[in-house]
Amino acid sequence: MSKNEKSDKVIKEQPADQSQAGKALKKKLQAEFPNLWDVADPADRDAAFSFAEEYKNFLNSAKTEREFVTVAIEKLESMGFSNLDQTASLAAGDKIFKNIRGKGLVAAVIGDQPIETGCNLIGAHIDSPRLDLKPNPVYEDADLTFLKTHYYGGIKKYQWPAIPLALHGVVFRADGSPLVLNIGESDQDPVLTITDLLPHLGAEQMSRKSTELIKGEELNVLAGGLPYPDPELAGRFKLHLLQLLNERYGLVEKDLITAEIEIVPAGKARDVGLDRSMIGAYGQDDRVCAFPALAALSDLNKPERTSVCMFFDKEETGSDGNTGAQSRSYENVLLQLLYLQKPDANMMEQAKMMENCQMLSADVSNAFDPTFSSVSDPRNNSYLGRGISLVKYTGSRGKGGTSDANAEFFARIVRLFDAEKIPWQTGELGKVDAGGGGTIAKYLANTGMDVIDCGIPVLSMHSPFEISSKIDLYFTYLAYKTFLAKM
Ligand code: MN
Ligand code: MN
């Protein structure tokens, strides 16, 4: 009897109930993270498709941090939230919001317990990588008019030429009146674009390393081609554009210096895949987490603990500035809630309140991409379709710059999600030493609160067209609701 025959015999002789026992033992002992399309019941699948419609509509009207704040406040007001600055007292069940300089937002539903016992907090960021106009953007060259840009956040610069672009932002005129611009999104609007070189003459360009395929100073936005009708006049192409901006909006060139104008990919969020299982859109990092957080908070009524969502600006450039997560502005809102409930609260009670908060730092993770599998550890990466990813740490190299969530806190969240039948997965950002990244988690953790990163896996992160899964979006919404109401 050869070795192989012997082992065949052993398998054949194995009783049926023993193989069942093996399956049961495997189910009991081995961690498994199923694809949610397999395990979701039909009602959840339907709900996922209709929730995605709401999300796409929201994305189309909230492409920038300023637009997110505007649209979110409209939604919150329609759901009975009121402005914290006009609130003199707080009671359980009250719903408030605080606008952080038009680019950040805090919204809360006051809980039954006093806020000094801490709040349940979800934080997401609402800025996305893009191109900002330089202070002196307008110039003409070779009978064309262009706008100079400075990229914001981590982009692959080569992804931005030769696609339709839109212009969003705010300009303050000399009399102080604001002008909100949104050009390139409606079907009737013109779009802008950045030119790329034809392949016929691209030999030098294509030999550049890819970080310089398109250089920062080559991200020039084509904005016009008509001259001011005076052939003798120098600079008449630029003048024509300035004349148009003046006649249409009352602007002069100087107004652009103080403006915040962002160039983003033009166009609407779309279904992706012949089965429509995915969503493709610009700016899903991190609106794919911010939107379900906003929806989860809006659903709450009189939670046990005060529930808070914070929507941060400036995450993509390091969370600096007075609208970023490192700003005291956000913590100050929690202090304001405390003082409204307890006007004689002392500094120790403030500090305790911060320490008693528990937070989900809700930010996208990288979905495993089989085309570029070499950068990921397949056993420790998040996958599209397997639900919200709970991420213990981010950072780079030896976990540099991470807020490593405490095991106690992580395990409590897992127990809650398992008890409430909220599916989840885990992962880290790529292979060790393959790269890395950070989130807002550490800035809030620095105040003493418990924080863990979590979020929805996306493909093509930071590109003009990021991909998420509808089933992940929906179950993340349920996960946020569970965390806010029951953690
Ligand atoms: Mn992000
Ligand atoms: Mn990002």
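In what follows, residues are counted from 1 in the order of the sequence shown. Whatever order the structure lists ligands and atoms in, that order sets their numbers, starting from 1.
For residue D363, no N/O/S atom approaches the Mn ion (ligand 2) to within less than 2.8 Å. Under 2.8 Å from the Mn ion (ligand 2) lies an N/O/S atom of D285, whether from backbone or side chain.
Applying side chain to side chain contact (heavy atoms under 4.5 Å, CB included) to E65 and the options E315, E316, R130 leaves one that passes, R130.
Of all N/O/S atoms in E316, OE2 sits nearest the Mn ion (ligand 2). Nearest N, O or S atom of H125 to the Mn ion (ligand 1): atom NE2.
Contact check for T87 versus S82: side-chain heavy atoms found under the 4.5 Å cut-off. Between T402 and K442 the shortest side-chain heavy-atom distance does not fall below 4.5 Å.
No donor-acceptor contact under 3.5 angstrom links the side chains of T439 and D363, judged on distance only.
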